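Below you'll find the structure, written out as structure tokens, and then a few comments.
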Amino acid sequence: MIGHDVFLPTPLPVLCVGITVMLAATAWRRSVNRSFLTGMVTLLLALVFAGRHTGTALDNGDSLFIQDQWANYTAILIMFSSMCILLMSWRDDAHDRTTSLVDEYPLLCMLGTLGALTMVFSANYMPFFLGLEILGVSLMGLVTFRHRPVMPGYEAAMKYLILSGVSSAILLFGVGLAYGVTGSLRFMPPVTIGDISPALPVSATIMILVGMFFKLSAVPFHMWLLDVMEGAPVPVAAFLAVVSKIAIFSSLVRYFGTGNQPPFLNDILYVVIILTIMGGNLLALRQTSLTRLLACSSIAHVGYLLIAFLCPGRLQSGAITIYLLAYTASTLGVFATIAAFATPDGPDGTVIAQWKGLFFTRPFLASALSLMLLSLAGIPPGIGFFAKFEIAATGVEYQRNLLLGALIIGSIIGLYYYLNIIRVMMSAPSLPSASLNRHVRPELMALVIVLTIIVVIGGLFPARALHPLLPVSAIPSDTEAEMTMR
Amino acid sequence: MGEILLPLLILSPLAASLILFVTAGRMSAYAVGTVACVSMGISAVISVVLSVLLLSGPATGIVQATLWPWMHIAGFSADIAFMLDRISMVMILVVTIVGLLIHIYAANYMRDDPGIARFFGCMTLFVASMLVLVLASDLLCLFIGWEGVGLCSYLLIGFWYDNPVNTAAARKAFYMTRMGDAALLCGMLLLATAVGSLDIGAVLAAVTNGQVTSSAVNMAAFFILIGALAKSAQIPFQTWLPDAMAGPTPTSALIHAATMVTAGVYLIARLHDLFDLATPVMALTAVLGALTILMGACTALVQSDLKRVLAWSTISQLGYMFLALGCGVWQAALFHLMTHAFFKALLFLTAGAVIVRTHHEQDIFRLGGLRHTMPGLTAAFVIGASALAGLPLVTAGFYSKEMILSGVWPAHFRLTHELILSGHFLWGMALLGAFLTALYIFRCVFIVFFGKSGTTMRGQTSRFMTIPLGCLCVLSLCGGIIEMPTTFPPLHLFSALLDPAASHSHADEPGWLILAGAIVPLAGLGVAWVLWGRPSPVMREIPGQAAVIRFARTGEGIDMLYDRLFVQPFRFLTWLTRHDILDYVITGTGRLARTASTSVLRARTDFLGTLALWGTSGIRGADRLLGQIQNGRVRWYAAWIAGGLCAALAMAVLS
Amino acid sequence: MHALALLAASVTVIGAIMVITRKVAVHAVLYLVVTLLALAALLVMLGASFAAMLEIIIYAGAIMVLFVFVIMMLNLGQPDSAREKEWLRPRAWLGPGILAAISCAELLYFISPFSASLHSLAPITAHDVGLSLFGRYVLMVELASFLLLAGLVAAFHIGRNRVEDP
Amino acid sequence: MPVFSFNDTLLLATILFSVGLAGVLIRRNMLFMLMSLDIMLNATALVFVGAGARWHDAAGQVMFLLILALAAVETAVGLAIILCLHARGRPTLDADTGNLLQG
Amino acid sequence: MNPLPALVLLPVLGGGLAWLAERIRPHTGAPSRNASWWMMLATLIVETLLLAMVTFNHPTIRTGPWLEHFSMPWIPTMGIAVRLDMDGLSLSLIWLSLILCFLCACLATRQVTVKAGTFHLLFLTTLTGIVGTFLATDLFLFFFFWELMLVPMFVLIAVWGHEDRQRAALKFFMFTQGSGLLMLLSILGLVITHDRETGVLTFDYFTLAQTHLSPTLSMLLMLGFFIAFAVKLPLVPVHVWLPDAHTQAPTAASVLLAGILLKTGGYGMIRFNIMLFPDAAMYFAPVAMGLGVVGVLYGAWLSCAQNDLKRLIAYSSISHMGFVVLGIFTGSRMGMQGAIIQMLAHGLSAGALFLIAGAIQDRLHTRDMHRIGGLWTAMPRLSATGLFFAVASLGMPGLGNFAGEFLVLLATWHVSPVIATLTTVGLVLAAIYALRMVNRVFLAAPKEDQRPLEDLPVRQMAVFACAMIFLVVLGLHPQPFMTFSAPSPLPVMATNSEGDHAP
């Protein structure tokens with residue numbers, strides 16, 4: 001029964017309660033603002049309780065959930081991102097003239113966050129799978145919140161539904177095979193036991209990997225991301241790019257561990273990383289839509305992250321933590337700037353050409369956006385610089401020369417398209433200044449400022465960001481032992 | 001005292017130059033002229049004082065002034081240092097005195113030009129550079145002056161920059177001398193590498209001591225020779241000098257007489273110890289000098305521009321000096337340099353005065369009969385012409401030319417064991433040159449000053465212009481008697497001055513050599529009178545078709561040849577490569593990357609289409625399939641997922 | 001293998017193949033019901049009678065009704081079936097079909113050496129499942145409720161008739 | 001009770017899964033795609049039940065239950081989207097047409 | 001109180017103040033850009049005073065190799081610290097930077113009217129990056145500054161540049177950044193190797209210098225550094241960004257680019273290629289010298305063909321930088337001294353030429369030499385200045401450029417007479433392009449449609465005169481600079497190779 005002895009990281013019940021309260025409030029009287037407020041408060045509470053849990057974990061590692069530094073770190077990132085995203089979309093929907101009440105939006109956001117957190121904390125296939133699906137289904141709903149035109153939103157939802165259905169099925173099939181092999185649902189790669197041939201666990205692992213790659217949008221499985229992000233409203237795109245990626249990456253690291261990967265995985269990862277970096281960057285070159293471009297860039301960044309994942313060593317944990325932070329802060333910053341720039345009845349800021357001359361009309365926003373983009377490109381003084389530096393360091397330490405080559409080439413290509421946006425902002429303005437968003441919402445402005453400060457401070461003093469998060473290799477120790485045993 | 005005066009000597013014109021440049025356009029023309037002339041006067045006085053100081057000292061005494069260290073570094077050191085010895089003493093006297101006269105002349109000549117401050121700024125700088133060149137005790141320091149005169153000549157030749165022809169001429173002069181400079185620099189680098197210093201004394205000592213290998217000496221001498229040839233407009237660099245006439249006449253006088261072109265001669269004379277050890281280079285010098293004599297004279301013979309005639313004559317006369325240097329009689333070269341400075345300055349200044357008074361008419365065939373309207377100038381020009389032609393006994397040119405000829409006769413070059421180049425042959429060429437010299441210069445005299453008057457005159461040559469002319473007349477006539485051939489009274493002041501220790505035994509010199517040297521110019525004069533001087537001249541106009549004349553125009557032909565061979569291809573090539581090729585390559589790569597991105601995009605639609613093409617029909621074109629398949633399809637995305645799964649599994653299978 | 005099991009298995013596979021090849025949606029739904037029923041039979045043979053019941057009640061019952069309901073609402077007519085016919089040309093399905101076949105073959109390659117285990121397959125009764133469901137995995141039930149809630153909200157939002165802007 | 005071995009279960013599930021995958025890939029009609037998805041999910045559910053039977057573990061059936069829930073949710077949302085698209089004037093259920101999002 | 005961090009941080013702080021000054025003043029209605037300009041000037045003056053303090057605190061420069069040292073932990077887990085060290089080389093290059101900044105401040109940045117505060121902020125930020133690059137002895141910090149200085153420069157070009165500015169800015173950034181990534185890999189490689197060897201993860205320059213590397217690895221790492229520096233310098237095959245960037249940049253940025261930014265490449269080659277990898281550098285020297293010669297000739301050649309004034313100067317920079325490479329890789333102290341002198345002199349002469357080109361563009365609104373002509377009549381002072389610097393850039397003896405070129409050539413002659421001879425051809429070409437410019441722009445027949453033009457004011461002339469005097473002093477009395485700017489050797493040498501070549 002649900003007793004004090006069940007191990008459960010506190011943020012999960014806090015979120016559940018929050019969602020229930022929100023639901024109840026909605027049932028009582030619908031109010032968008034109240035929903036948003038409830039969501040914010042819930043997330044804040046969850047953040048406060050981030051490091052805590054109820055009950056005690058089972059010694060044999062059979063608990064459904066796990067809580068360690070890594071999980072806490074990614075959970076904090078996720079909750080923080082969710083808060084940012086809620087903030088980004090707050091009055092956006094409240095002032096939407098076409099629909100009077102859209103309080104499902106914060107509800108779905110919260111549900112998505114819950115799913116992501118569940119994945120992060122899970123130590124068992126079952127919560128992992130449930131979290132994944134909660135996140136996925138919430139996203140399907142969220143994607144359709146686009147104002148105008150509506151059709152792309154539905155189309156995106158449809159694509160996401162079918163594709164994620166396929167990938168979930170693949171992943172589940174893999175999980176089923178793993179379960180069949182080991183008889184346990186513990187969240188770790190299956191190992192051969194008894195008379196069962198080793199081919200089966202291999203195929204199970206690969207299928208799980210493919211499912212995760214789909215959610216991570218690594219290259220052969222990346223196509224949905226562009227369309228879905230374009231079809232989705234800007235904050236939801238941010239959600240897709242940040243929250244769901246962090247969650248799945250967190251699970252990936254937990255699942256495979258941070259040690260040496262078995263050779264067959266190594267090969268596949270090698271290929272996928274190179275494809276991801278090259279494909280993501282090359283695709284981004286020709287995009288004219290900012291959200292699509294960011295989708296491509298997030299694909300590329302996943303590739304960079306995977307390099308660190310593939311290079312176990314002293315620097316790995318630091319590289320992954322700082323890179324996640326850099327990616328989160330910078331991407332959120334870009335999306336926040338887009339949201340700040342967008343107007344209810346003017347340009348929505350997703351087409352790059354609309355940004356022409358922003359440097360002259362909105363110098364602060366333009367500077368902030370430039371800083372974020374530079375950080376994404378890995379140029380000082382943004383935090384992304386140090387993050388990329390760390391990634392390269394792990395690569396060098398492990399002598400993954402091919403990957404480093406891809407990193408360099410990808411970075412140079414990336415530099416081009418990031419700078420291209422800055423270039424557009426610096427060209428002479430073409431829009432009549434009337435159509436500009438004159439009144440940026442204060443909370444959005446505050447968000448942009450906060451993210452800017454994070455990016456700069458993180459870039460100048462990365463040690464502060466690096467230090468407390470270091471013990472990242474906090475996968476269950478026995479898993480590690482098994483990994484090394486193999 | 002000398003240590004103080006030596007820098008002052010250079011500083012005086014330099015300061016004048018600075019003053020003139022800084023105050024450009026604020027001072028009156030008169031003040032500008034005064035500043036320039038006074039500064040030149042000061043340096044002339046100083047140089048005289050210095051000469052007296054030097055001569056009063058011991059025979060091998062020098063005045064040295066080391067100002068400050070320039071570059072001291074492991075393996076090499078150079079100082080900003082000046083040194084006055086007998087050779088440079090001759091040079092500074094020539095430079096300052098002739099320079100002073102030219103400046104006085106120019107102050108009047110350029111009176112009305114708006115750019116007079118710039119003009120005199122450059123002129124004084126020119127003299128200063130030349131003084132640096134002459135006085136430097138270090139080859140690197142000498143190079144400052146060496147390039148400085150080049151720069152100043154560029155600025156002065158292109159002084160009237162309104163006309164593109166002038167600036168083109170200026171650039172040509174600079175480019176050609178710059179090539180020589182580059183070679184000279186190479187020579188210096190070689191010496192610096194071998195010796196570790198470029199101090200002239202140290203270099204010569206090292207060379208004579210045999211510290212430097214003979215091939216290095218030969219190479220260094222060769223490089224330095226090229227530099228000297230370019231500076232002195234010898235074959236094959238002769239083409240810039242005639243064009244340099246584009247500048248104001250005093251400039252031409254300065255370039256031709258006192259500074260610039262004599263630098264090459266001076267340099268070789270200064271380094272004669274080095275050249276003495278490089279026999280092939282000496283032979284080359286002599287041969288090129290002899291060739292230049294003839295080429296310059298022939299070309300001068302057919303020129304119709306008064307100043308051009310004088311320019312080619314300069315080239316020709318410099319040929320004499322190089323011949324003398326090549327034959328090892330560098331004293332003779334310096335002597336000729338001095339006398340040449342006198343009479344060539346005289347000729348140019350006179351020509352300038354004539355040109356000013358005839359409304360800038362320079363074509364000799366449009367002038368004529370000037371002796372009636374300007375007898376003074378006629379006299380001055382005739383004196384100059386006589387000195388140039390070397391009319392015996394009365395002119396300075398005779399003595400110096402005689403010294404060269406007598407020095408050339410006994411020379412011989414042992415190039416290899418079998419091949420010996422005899423000086424007799426060179427002597428013959430020089431003699432022929434002397435004949436031609438007389439011929440062409442008196443052609444000028446007869447055409448311009450005799451015959452019918454052709455142009456209108458104006459004004460009067462001002463007093464300030466006549467004073468220098470008078471001085472130069474005297475010098476041209478009497479400047480030569482300080483050194484006489486041995487058959488004459490044994491007066492060897494000049495050689496003694498330069499090289500007191502040397503013995504003067506030209507005993508083996510046959511007496512008829514002098515006679516030949518004396519008669520040949522007179523013969524030239526006679527022929528010229530026959531051809532152009534009589535009331536009904538034999539040749540009034542140039543018969544352009546005559547083969548001999550065309551042959552004589554080689555000097556200009558070579559110019560054309562250079563133009564075709566070097567200048568035009570260079571222009572064409574730079575025009576062709578005006579865009580950066582590498583830039584194109586990079587841009588192309590960028591375009592390639594963009595294409596790649598497009599094809600990546602297309603790949604997600606192509607993949608299955610291609611598979612289907614292979615699998616099913618193989619008949620229908622891929623195009624139609626492509627047309628049916630569009631982007632953004634869920635099924636294709638799903639297919640990619642399935643494909644990725646297949647590939648991943650296959651990798652696991654294969655591994 | 002028991003003949004009955006073989007029969008059920010073949011019905012399942014054939015039914016599935018029929019589902020994906022039908023032109024008319026209602027036929028496909030019917031075949032799908034058949035497939036699900038056969039699958040339920042298999043589940044019973046695997047000793048999971050509780051699961052089999054759920055399969056029949058929820059899947060074949062409830063979910064399929066949804067399909068039928070939607071097909072009715074969409075009111076797909078004759079042109080649609082004609083179009084479906086057009087879509088089912090070999091040209092359209094061969095490529096994907098091969099791809100699917102390859103992945104199937106690869107999976108089978110991995111599975112085939114899997115020797116049969118000799119564990120006895122004792123039935124897992126509803127009791128066992130219930131104990132586990134509300135014992136150890138009770139939190140999962142809670143989470144599943146949130147999954148359903150998410151689906152509900154999402155479907156509610158999507159299905160709501162929003163005013164289309166001009 | 002007849003024994004149906006885990007190996008056979010896997011064989012059948014694989015085939016079923018592949019058929020479902022093929023359905024998603026082949027069919028352009030969104031309804032059929034959804035049905036194919038259901039087939040795939042059923043295949044995985046079968047694996048879980050088989051595995052649960054093999055290890056005599058109830059967790060397999062719990063997973064089956066959860067998959068059932070997932071299938072229900074996906075179907076519901078998918079059908080809602082289909083309805084919505086249809087209501088907004090998309091003439092057919094062809095998933096390949098009317099691509100607003102591409103490139 | 002250590003002055004080094006203040007030296008680095010002061011410009012950026014001053015820039016911030018300058019930016020604020022522009023923001024605040026508009027309420028009073030006073031001309032705001034002057035306020036920001038004064039702020040910038042004040043910053044530069046304070047910085048100069050600081051630098052003077054550093055310089056004159058050490059009258060006996062030759063006694064200690066490193067003048068100042070500063071160290072502060074930054075990212076301890078990675079062994080990264082803020083390590084700043086100053087020796088004569090960095091000191092002299094910082095002096096050059098400051099002098100050029102003064103030139104810019106007095107002559108160019110006042111013309112900026114659009115967003116002057118931001119302009120000054122970016123300008124000073126670039127200066128921060130440059131000073132930091134010259135001072136950093138922590139490889140990570142060096143890389144940080146190396147990348148940092150690109151960003152403001154990119155913005156300067158992209159916003160205040162000329163017609164095709166954005167493409168040029170992009171090109172500039174891509175090239176320098178891309179090559180910087182290679183350097184990053186090299187840095188990491190070195191650090192990790194050192195880590196493997198000793199178990200100490202550090203980015204300290206002096207510690208890393210003692211790493212024992214296999215010849216192959218050493219060569220690879222050296223190449224990584226070399227490529228980055230070669231792009232920045234720029235050496236020929238990778239120079240293509242430079243003409244565009246220089247041409248399109250606003251005057252002040254051009255000056256900064258040509259005057260100082262390029263020098264960071266040369267500085268890096270001395271400090272990192274030669275000193276960290278002496279053996280590999282010696283081994284690689286023939287190739288580098290070959291590239292240097294090609295650079296000299298190719299740059300000069302293309303410079304001869306340009307019609308755009310700024311482009312011509314830009315290509316001439318390439319040519320001059322070829323000398324720098326040549327000098328550095330001769331492997332002798334003489335060549336290195338020559339390279340340093342050449343860098344200083346080129347900074348001044350090219351910077352001044354760009355200023356003049358900028359002044360001409362301000363007045364005539366064109367850089368096409370066909371459309372400019374005969375400025376001497378209209379603007380004698382400007383033209384005379386232009387002439388002076390053109391002559392300096394063609395290598396007139398007695399001016400700074402010649403001193404550098406001569407030393408480089410002499411050092412090269414020791415190594416290979418053929419290369420030196422080839423390089424002298426570059427001098428002839430230099431004469432051609434320099435005089436072509438002079439004869440097109442200054443000493444030429446005036447164009448018909450010329451409006452009366454305003455000559456340089458006396459105050460600006462005074463500023464130019466300082467540069468001229470400095471060039472003359474550099475040319476005639478370079479000895480103190482040579483002694484002063486000699487790069488300090490590493491405290492503990494790898495002993496074997498450097499001793500032979502640098503007596």
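Everything numeric in this text was worked out from a predicted model, so none of it was measured. Residue numbering restarts at 1 for every chain, and letters A, B, ... go by the order of the sequence lines.
Scanning both residues, C:Ile63 and D:Ala71, for their nearest heavy atoms gives CD1-C, 4.4 Å. Residues C:Ala48 and D:Gln61 approach most closely at CB-NE2, 3.1 Å, considering heavy atoms.
Counting heavy-atom pairs closer than 4.5 Å to chain D, the top-ranked of the candidates C:Asp128, C:Val141, C:Leu66, C:Thr35 is C:Leu66. Of the listed residues (C:Ala62, C:Ala101, C:Ala28, C:Ala105), the greatest number of heavy-atom pairs within a distance under 4.5 Å of chain D belongs to C:Ala28. Of the listed residues C:Leu131, C:Leu143, C:Leu54, the one with more heavy-atom pairs under 4.5 angstrom with chain D than any other is C:Leu54. If you tally non-hydrogen atom pairs under 4.5 Å between each of D:Leu16, D:Asn42, D:Leu66 and chain C, the highest count goes to D:Asn42. When each of C:Ser132, C:Gly151, C:Ala51 is scored by its heavy-atom pairs under 4.5 Å with chain D, the top score falls to C:Ala51. For the set D:Leu21, D:Leu68, D:Thr75, the entry with the most heavy-atom pairs within less than 4.5 Å of chain C is D:Leu68.
In this structure, chain D has heavy atoms under 4.5 Å from both the backbone and the side chain of C:Leu148. Only the backbone of D:Asp57 comes within less than 4.5 Å of a heavy atom of chain C; no side-chain atom from C-beta onward does. For D:Ala59, the parts lying near chain C are the backbone and the side chain together; criterion is any non-hydrogen pair under 4.5 Å.
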Q. What do the steps show when you test C:Thr21 against D:Ile26 for side chain to side chain contact (heavy atoms under 4.5 Å, CB included), and what is the final call?
A. CA-CA 9 Å; C:Thr21 51; D:Ile26 291 169; over 6 Å; no
Q: Would you sort out whether C:Tyr31 and D:Met35 count as a side chain to side chain contact (heavy atoms under 4.5 Å, CB included), showing the intermediate values?
A: CA-CA 10 Å; C:Tyr31 274 113; D:Met35 284 190 242; over 6 Å; no
Q: Take C:Phe67 and D:Asp38 through the side chain to side chain contact (heavy atoms under 4.5 Å, CB included) test and state the conclusion after the steps.
A: CA-CA 11 Å; C:Phe67 272 103; D:Asp38 279 335; 3.3 Å; yes
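A distance of 13.5 Å separates CG in D:Asn29 from CD1 in C:Ile20, rounded to the nearest 0.5 Å. Going from atom OG1 of C:Thr12 over to atom CG of D:Leu46 covers 8.0 Å, rounded to the nearest 0.5 Å. Expressed to the nearest 0.5 Å, how far CG of D:Asp8 lies from CE of C:Met45 amounts to 11.5 Å. In this structure, the separation between CZ on D:Phe32 and CG on C:Leu32 is 10.5 Å, given to the nearest 0.5 Å. Between the CD1 atom in C:Ile158 and the CG atom in D:Leu85 there is a gap of 9.5 Å [rounded to 0.5 Å]. Rounding to the nearest 0.5 angstrom, the gap separating the CD1 atom in C:Ile58 from the CG atom in D:Leu65 is 6.5 Å.
A distance-only check finds a donor-acceptor pair linking the side chain of D:Arg27 to the backbone of C:Arg22 [under 3.5 Å].
When C:Leu46, C:Leu42, C:Leu39 are each tested for a side-chain contact (heavy atoms from CB on, under 4.5 Å) with D:Val49, only one passes: C:Leu46.
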